[in-house]
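What follows is a set of notes on a single structure, which appears directly below.
In the text below, chain A, chain B and the rest are named by the order of the sequence lines, each starting its count at 1.
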Amino acid sequence: MTLDEPVWSVLGRGPDGTVVVADLNADGTERRRTSVDSAALASLVPAAGPARRWVWSDATRWYPPLLADGVVVARCHDLRLCHTILRGSAFVTDAAALRAHPEWDGPAADAVTPAAETLFELDERGDASSVPDGIDEALAEFARQRAALEGATAPGRLRLLLAAESAGAVIAVELHAAGLPWDAGVHDAILVDLLGPRPAAGRLPARIEELAVRVRDALGAPAASLDSQPKLLRALHRVGVLATSTSRWELAQYDHPVIAPLLEYKKLMRLLSANGWAWMEEWAAEGRFRPVYVPGGVVTGRWASSGGGALQLPRQLRPAVRADPGWLLIIADVAQLEPRVLAAMAGDTALADAARGQDLYAGVVAGGVVATRQEAKGAILGAMYGATTGDSGRLVPALRRAYPRAMTLVDEAARIGEDGGIVTTWLGRSAPAPSSSWRDVQRGAGAIEATAADESRARRSARDRGRFTRNFIVQGTAAEWALAWMADVRGRLAAFDAVEDAGGRSGPVFGRRAHLAFFLHDEIVVHAPAAQAEAAAEAVRAAADGARRLLFGDFPLDFPLDLRIAEDAGKA
DNA sequence: AAGGGACGCGCG
DNA sequence: AAAGCGCGCGTCCCTT
C-alpha cells in the first residue's frame, strides 16, 4: 500500500441509483469519488486490495450480493452497528450528534425483508434496508462516528470494539452463505429412533401416540388435552397432582403414575415441534442449516438469531452436523469464558491463578474455597448472575473472601444498576439507561405518600436491574472476547490456499478452503478440507491467544479451548 | 383473522 | 434440580 492510497472506501447509493464509492484519505478528507453500476461493484471490491476498509450502511444490505458473486471483503466498518455502540457508550463524551440521527438505529435489513440474492435485486430493493443507504448520508454518519471516537475517553478500546463488531457483521453474512453442513439422513435416523417412523401429515409419531394413551389412562381421562397448559393442569389436579405449573422440574417432584409418561411425552413433543421433520425440510434442506445470525442482537453485544433456532440446536441433534466427504469439522469452545473474563477485567490474580489450566472450577476447589466442583460452578455462576438464595447464593460469600477484586467488580456493577446508573464492558459497550417507567417506580417509592407496596415494588425492580448490570459487564465482555477470537480465526483462514479439488458444497469461496461454519457465544465450528484440518485447528488455537492479548495484554491468564477434529459434531 | 401474552423449554 | 443472567420459538388462548 502506498502512502497516499485511501484507507477508507465509503459505499452508498448515488442520487441516480448507481453505486458510489467515495475514497477517503486517512484524515477523513475525500480523495476521489467513483460511480459504478452494481455489476461493476463486484469487480471493483477485490481490485481495491485487502488493505482497504469498506464503510457501508449495513452488511446485511451490501454484502450478500457481493458474496454471491464470490467477492470476500477483508475488512469493513458497519455504520449501523457502530452507531448503536457509539451512541450509547459511556466512553463517548459527546454523543449528541449521533443521537440526533435516530434513523441509524434500525434493525438489520434481514429483519425487515429477506436479503437480496443478486445485485439486480439490490438495485430493485430501494428502501428495503432499515437504515439510510445513500452515499451522502453514509459519509455524514461516518464523519460523526469518527468525531465521536476522537473525543472518547478510551478511543483505543472503542476502536477495537468497532472493528470486532464490524468483523462480526461480515462473518454473520458469511456463516449464512456457507451454512452448517447437515446430514438429513442422520437427523432422520435420530428422529425415527426416538419418535418412530415419520407419520402421515396431521398424525403424531407412534411413540408419542403410545405415550399419550398411557398419560390419559393415568389421568382417567381418555380425551384429556395434553398440549394445553390450563387443561392439563386441571386434569392433574383431578388425580391429586397439585402442581402449580406443568414445568418439568415441578412435575418431577410428584410421585404418581402419570408423571413418567407425561415427562417423556413432553420431551418427545418438544423434539418433534422444534426440530422434527418439518424443521428439517424448512431449515436443513440441501445439506446445509442456514440460520440468520443477528450480530449485536442482544443488548450485551451477544448475537441473536432469527429463524431456525440457530442458537438452540439441541445437543441430541449434534451428530447430524456432519462434514462433507473429504472434509472435517474443528469444534472448539472456550472453557469457562465468563469467569475468566471477569478475572481479567478485575485484575484478580487469585481468580486467574485458579483459572490456570483447563478447568477453572477445579482450581477454585484446589484453592480450598469450596469443597466440590459442582459447588464451585454454582457459586461462580451465582456470583455473576446475582444469586442470593439457594445452594449457589449460600456459597457466594466464600467467593467474596477468596476473590475480593472480582467480586467487588460485579457487586459494584450491581450497585450502580440498582441506583439507575450505567455500566460498561471492557471495550466500551454500555448498558441501556433505565426506562422512564423504571425511574417512575423508583421516584414513586421515595415520595411521602408512598405505600409499603410501592417501596417493595421499587426495591424489587432495582434488584432486577442490579442483577442485569452485574451480568452485563461479564456477558458483554465475554461477547467481545468471542468476537475478537472469531475475527482472528476468520483472518487466518482467509489466508489459506484454495484446494482445487476440495469437493466442498459451501459455494464458490467456501467450498474450496477452511471456513467458519457455526458460532454460539463461546463455541465455533470450522469446516475444512481434511488436508487443512490440522492447520485450521492451529489457527483456532492461535486466535484464542490473539484475542486474549488484544483485550487483556500481559495480564497472566489463559483461555484454554476444548477442541476436537471430527467428522461430526456429536459427543466426542 | 391477526396480534400479543403466558408458558415451557432448547441453548450459552 | 432450580436458582440468578441473556436469548428464540412453538403452542395455546384471549383480545381486538
| Minimum-distance nucleotide (side-chain atoms of A:V299 versus B:dC11, C:dA3, C:dG6) | C:dG6
| said: Any donor-acceptor pair, under 3.5 Å, between the side chain of A:R467 and the base of C:dC5, if you only look at N and O atoms? | reply: no
| message | Once you apply a heavy-atom cut-off of 4.0 Å, does A:G393 come out as touching a base, just sugar-phosphate, or nothing? | response | nothing
| request: Looking only at side-chain atoms of A:Q229, point me to the closest of B:dC11, C:dG8, B:dC7. | output: B:dC7
| task | Counting heavy atoms from C-beta on, name the nucleotide in B:dG10, C:dC7, C:dA3 closest to the side chain of A:Q312. | result | B:dG10
| field | Interatomic distance, A:R465 CZ vs C:dG4 C1' [rounded to whole Å] | value | 17 Å
| What integer number of Å spans the C1' atoms of B:dG8 and C:dA1? | 16 Å
| message | Nearest to the A:S273 side chain among B:dC11, C:dG10, B:dG8, which nucleotide is it? | response | C:dG10
| query | Do the ring centers of A:F552 and A:W426 come within less than 6.0 Å of each other? | reply | yes
| field | Shortest side-chain distance from A:L520, nucleotide among C:dA1, B:dG8, B:dC11 | value | B:dC11
| Can you check the A:R318 CZ to B:dG10 C1' distance for me, whole Å? | 11 Å
| Whole-Å gap separating C1' (B:dC9) and CG (A:L272) | 15 Å
| said: Considering every strand and a 4.0 Å limit on heavy-atom distances, what is the contact class for A:T389: base, sugar-phosphate, or nothing? | reply: sugar-phosphate
| OP1, OP2 of B:dG8 versus side-chain N and O of A:T246: anything below 4.0 Å? | yes
| field | Whole angstrom value for the distance that separates C1' of C:dA3 from CZ of A:F468 | value | 19 Å
| remark: Of C:dC12, C:dC13, C:dC7, the nucleotide closest to the side chain of A:D227 is C:dC12
| message | For C:dT16, give the paired nucleotide (Watson-Crick: N1-N3 plus N6-O4 or O6-N4; G-U: N1-O2 and O6-N3; both under 3.5 Å), or none. | response | B:dA1
| message | From the set C:dC12, C:dA1, B:dC9, return the single nucleotide nearest to any side-chain atom of A:S228. | response | C:dC12
| task | Classify the nucleic acid contact of A:L337 as base, sugar-phosphate or nothing, counting any heavy atom under 4.0 Å across all strands shown. | result | nothing
| field | Lys/Arg N to Asp/Glu carboxylate O, A:R429 vs A:E165, below 4.0 Å | value | yes
| field | Integer-rounded Å distance: B:dG10 C1' and A:M269 CE | value | 16 Å
| A:K266 side chain N/O closer than 4.0 Å to the phosphate oxygens (OP1, OP2) of B:dC9? | yes
| message | Regarding C:dG6, can its base be found pairing with the side chain of A:Q475 as donor and acceptor, where the two atoms are less than 3.5 Å apart? | response | no
| message | Measuring from the side chain of A:D391 (C-beta onward, heavy atoms only), which nucleotide among C:dA1, C:dC7, B:dG8 has the closest atom? | response | C:dA1
| query | Which residue, A:R248 or A:D464, contacts DNA chain C at a nucleotide closer to its 5' end, judged by nearest heavy atom? | reply | A:R248
| field | Polar contact flag, side-chain donor to acceptor under 3.5 angstrom, A:Y63-A:D78 | value | no
| Phosphate OP1/OP2 of C:dC5 contacted by A:T300 side-chain N/O (<4.0 Å) | no
| remark: From CD of A:Q253 across to P of C:dA3 the rounded distance in Å is 11 Å
| task | Could you please name the option among B:dG12, B:dG8, C:dC7 that lies closest to any side-chain atom of A:V298? | result | C:dC7
| task | For A:L195 and A:I208, work out which heavy atoms get closest and say how close. | result | CD2-CD1, 4.1 Å
| Do A:W279 and A:W182 have ring centres separated by under 6.0 Å? | yes
| task | Report which part of the nucleic acid A:G378 touches: base, sugar-phosphate, or nothing (heavy-atom distance under 4.0 Å, all strands). | result | nothing
| request: Can you tell me the distance, in whole Å, between the OH atom of A:Y385 and the P atom of C:dA3? | output: 13 Å
| NA contact type, A:R302, heavy-atom cut-off 4.0 Å: base, sugar-phosphate, or nothing? | base
| field | Between A:N275 and A:Q316: side-chain donor-acceptor atoms closer than 3.5 Å | value | no
| task | Could you tell me the separation between the CG atom of A:L342 and the C1' atom of B:dG12, rounded to a whole number of Å? | result | 17 Å
| query | Between A:H521 and A:F519, what is the ring plane arrangement, given parallel below 30°, perpendicular above 60°, and tilted in between? | reply | perpendicular
